[in-house]
Protein chains: 6
Amino acid sequence: MNKLLQKPRKVYVSRTIEFNAAHRLFNPLWSEQKNLDVYGKCCNKNGHGHNYLLEITLSGIVDQNSGFLFDLKELKSILEKEITGRFDHKHLNHDVVELQECVPTTEVLAVLIWDILERRMNTTNNQELVLHEVNIYETGKNSVRYLGE
Amino acid sequence: MNKLLQKPRKVYVSRTIEFNAAHRLFNPLWSEQKNLDVYGKCCNKNGHGHNYLLEITLSGIVDQNSGFLFDLKELKSILEKEITGRFDHKHLNHDVVELQECVPTTEVLAVLIWDILERRMNTTNNQELVLHEVNIYETGKNSVRYLGE
Amino acid sequence: MNKLLQKPRKVYVSRTIEFNAAHRLFNPLWSEQKNLDVYGKCCNKNGHGHNYLLEITLSGIVDQNSGFLFDLKELKSILEKEITGRFDHKHLNHDVVELQECVPTTEVLAVLIWDILERRMNTTNNQELVLHEVNIYETGKNSVRYLGE
Amino acid sequence: MNKLLQKPRKVYVSRTIEFNAAHRLFNPLWSEQKNLDVYGKCCNKNGHGHNYLLEITLSGIVDQNSGFLFDLKELKSILEKEITGRFDHKHLNHDVVELQECVPTTEVLAVLIWDILERRMNTTNNQELVLHEVNIYETGKNSVRYLGE
Amino acid sequence: MNKLLQKPRKVYVSRTIEFNAAHRLFNPLWSEQKNLDVYGKCCNKNGHGHNYLLEITLSGIVDQNSGFLFDLKELKSILEKEITGRFDHKHLNHDVVELQECVPTTEVLAVLIWDILERRMNTTNNQELVLHEVNIYETGKNSVRYLGE
Amino acid sequence: MNKLLQKPRKVYVSRTIEFNAAHRLFNPLWSEQKNLDVYGKCCNKNGHGHNYLLEITLSGIVDQNSGFLFDLKELKSILEKEITGRFDHKHLNHDVVELQECVPTTEVLAVLIWDILERRMNTTNNQELVLHEVNIYETGKNSVRYLGE
């Protein structure tokens with residue numbers, strides 16, 4: 001089967017999920033005024049929120065038998081546990097252990113999600129499969145990509 | 001000018017704005033368990049959030065001279081004061097006076113925004129112009145429309 | 001709670017789900033040529049397919065206690081059983097009992113989904129809640145709405 | 001065939017097309033200053049432009065044999081001649097005969113397209129089929145609907 | 001003309017087209033149960049379908065005279081013949097010669113489209129122009145990119 | 001603060017803005033016929049227009065104190081002055097000094113915007129921050145990326 005895959009083919013497979021979360025941008029080491037200067041209305045005391053759109057990209061050689069890069073059911077279960085369970089319908093400042101002592105900017109979120117997923121991917125059986133990119137849209141206009149560099 | 005408008009033409013003009021807010025669905029008159037049964041993960045204690053997309057529709061007869069239904073600058077200034085100023089980068093439960101003693105569901109938000117904008121529209125000089133519809137998308141999958149009925 | 005709801009408020013609540021299905025437009029009572037004339041490449045013998053986007057709209061009076069029009073968990077369970085279970089990852093011509101002896105155009109699909117959901121909605125406890133509209137996008141460019149008329 | 005259609009079913013069928021055009025909002029009966037007050041940067045002397053998204057909705061009873069509301073090939077040919085041919089890659093102020101002596105606002109465009117398509121629809125053989133709505137998005141944030149009222 | 005192009009400028013030009021197709025994920029060398037384990041509901045016997053969105057990216061030096069990377073009319077004709085003609089309104093398992101003895105996953109499709117277009121691009125007169133990337137969205141949530149590696 | 005940032009993290013931050021402009025593709029050094037052959041309906045004498053969507057990507061190391069790559073207020077002010085002020089509601093052929101003696105194709109626009117923003121970025125205090133990519137969508141189907149190569 002899959003004669004097109006007799007030659008190894010490296011693909012990039014992306015999957016998008018959404019999570020809805022509150023956050024507040026506030027650095028407790030700074031004065032109120034400095035926080036306001038840097039974060040503007042994002043430092044509103046009671047927080048605000050977003051529909052975060054997260055695009056995960058994996059890369060590797062397509063499996064010759066299945067025609068898949070990875071087992072979709074396994075990926076789905078990883079994302080539900082590591083992403084949805086951790087971030088969805090949560091307040092990022094209060095409910096996420098890994099974000100304690102962090103300002104939950106989109107940049108920081110992208111880095112955290114990379115760290116979580118990269119560690120988790122290393123426990124799969126597929127040695128070839130690597131996490132390639134984490135891309136988060138905070139709104140339709142702002143996004144941050146992190147590639148592990 | 002505008003010979004196409006010599007006959008009165010009733011149009012529906014829609015304008016979309018976004019606001020980013022946190023909220024928590026929780027009815028203090030109910031037990032924790034009842035809240036969990038009804039609101040599920042939306043009653044998370046610290047709240048969560050959304051990029052709300054709000055589409056306002058006005059209707060009326062197009063002005064024969066300008067070819068506009070309404071003065072865009074006036075509408076923009078109304079929406080900035082009444083919507084962005086009130087809801088954007090806020091926590092709906094804590095920061096919005098009109099939502100005190102309310103569960104800030106999308107249904108309640110649609111009704112509140114209608115009440116605010118309808119009152120405001122009545123103060124414009126254009127007697128013909130009416131608020132026709134308020135449509136809010138909480139996510140790309142859920143929306144609520146209210147037409148003042 | 002919810003003083004904004006002391007006056008009855010009629011809202012329209014929409015929820016969107018996607019299903020991925022194959023279909024073929026072919027009327028067995030017609031000649032091959034007549035089918036080709038009417039359906040063009042949509043009558044390709046082996047079928048083709050779409051990511052159907054289905055938007056269901058319910059209407060009724062918002063519940064004063066919950067601030068909801070309907071119980072989201074009940075709606076979710078109805079849509080999964082009646083829509084996803086019946087249409088998702090199926091061939092509409094071969095796998096859907098209700099479409100036997102039908103040409104599965106988007107128009108026919110909209111009518112069928114209305115009939116299924118309207119019957120089902122009548123079995124809920126909420127007497128006020130009615131199905132208002134079924135809207136299906138076959139592609140981003142083509143859609144059909146049915147309101148039960 | 002199509003037992004679901006033995007009872008007459010009234011549907012609303014929408015089709016979306018795009019056209020890319022330049023325009024300038026300027027009323028020659030007004031002073032430069034009055035134009036600037038009303039139209040702001042939209043009265044820039046050399047014009048500006050948009051990707052207009054036009055959604056046409058027809059309504060009527062679904063044909064029992066085809067399961068279609070209308071002949072797609074006929075609609076496609078109407079839209080190419082009447083819309084694409086007239087507006088696409090044109091300057092609305094200079095290239096469209098029907099817009100001479102008009103300010104080409106989105107409101108005026110919606111009205112003109114209704115007038116053109118309604119006249120054209122009356123020449124089809126399907127007596128039941130009517131133009132229901134013309135909806136134009138000038139940008140993702142601004143749209144105008146006209147229903148012939 | 002085009003003094004900005006006196007220095008050679010390498011750009012990436014992307015064009016998106018859609019095709020609507022049915023497919024079934026099934027490996028005939030495997031048992032029914034193994035197919036079900038790997039492909040889940042995607043191995044439904046009669047197939048299902050998608051609106052595939054295909055984004056082709058070419059790269060090269062912008063032509064100093066035209067300001068274009070490539071002749072749009074030639075690209076359009078290539079895509080209509082090679083992509084639309086081959087995949088649109090087809091059943092990928094039955095109607096596409098090149099997919100015989102293949103499981104038509106999105107990964108395999110991306111690889112096949114790369115092979116087809118890269119061969120075809122080599123026959124254009126523009127020696128500098130290369131196919132850079134093939135990106136297919138099977139749904140709004142799943143996509144596969146192939147860059148020829 | 002921001003223990004996740006103790007290790008330097010290189011991110012790519014993108015921001016999207018829209019501008020609405022008219023343009024005409026026409027090379028005055030060519031005959032009318034040659035222009036028509038190369039540019040087709042894009043060389044319509046009076047021009048046409050688009051809603052251009054511009055995505056700017058910056059890259060660099062996230063600041064350990066703020067959790068930001070850059071000061072959002074500074075970026076916003078740069079984009080308003082350099083992009084919105086220069087291109088929005090303008091005719092690219094007549095109103096943009098830098099495009100004189102250029103054919104304003106999307107390729108040329110991407111190159112020009114890179115040149116403008118790269119020069120401007122060099123004047124910020126952040127030595128690490130670099131312009132990574134300029135990506136312009138002329139329509140939802142056509143886009144050009146330039147990375148300064």
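Proteins come first, then strands; the chains are lettered A, B, ... in the order of their sequence lines, and each starts at number 1. Atoms considered below: every heavy atom in the structure, side chains included; atoms not considered: hydrogens, waters and symmetry mates.
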- Can you tell which of A:Leu25, A:Val38, A:Asn35 has the highest number of heavy-atom pairs within less than 4.5 Å of chain F? A:Val38
- Message: Quick check on A:Glu32: does its CD atom have over 12 non-hydrogen neighbours (other residues, nucleotides or ligands) under 6.0 Å away?
- Response: no
- Heavy atoms from other residues, nucleotides or ligands near NZ of A:Lys73 exceed 12 (cutoff 6.0 Å): yes
- Minimum side-chain heavy-atom gap F:Ser66-A:Tyr39 below 4.5 Å: yes
- Query: Within a strict 4.5 Å, meaning less than it, do heavy atoms of the F:Tyr12 and A:Leu147 side chains meet?
  - Reply: yes
- Query: Are the side chain of F:Asn2 and the backbone N or O of A:Val108 linked by a donor-acceptor pair below 3.5 Å?
  - Reply: no
- Note on the structure: Given F:Ile61, F:Val13, F:Leu5, the one with more heavy-atom pairs under 4.5 angstrom with chain A than any other is F:Val13
- Task: Provide the closest heavy-atom pair for A:Tyr146 versus F:Lys10 in the form atom of the first, atom of the second, distance.
- Result: CD1-O, 3.2 Å
- Task: Please name the pair of heavy atoms, one in A:Glu107 and one in F:Leu69, separated by the smallest distance, quoted to 0.1 Å.
- Result: OE2-N, 3.0 Å
- Does any heavy atom of chain F fall under 4.5 Å from the side chain of A:Ile136, the backbone, both, or neither of them? neither
- Is it the backbone or the side chain of F:Ser59 that comes under 4.5 Å from a heavy atom of chain A, or both, or neither? neither
- For A:Lys81, does the NZ atom have more than 12 heavy-atom neighbours from other residues, nucleotides or ligands under 6.0 Å away? no
- Item | Close side-chain approach of F:Arg9 and A:Asp115, heavy atoms under 4.5 Å | yes
- CG/F:Asp71 to CG/A:Asp37 distance, rounded to the nearest 0.5 angstrom? 9.5 Å
- Query: Should we count CD of F:Glu101 as having more than 12 external heavy atoms under 6.0 Å?
  - Reply: no
- Can you say whether F:Leu4 sits under 4.5 Å from chain A via the side chain, the backbone, both, or neither, judging by heavy atoms? both
- Nearest heavy-atom neighbours spanning F:Lys3 and A:Glu98: NZ-O, 3.5 Å
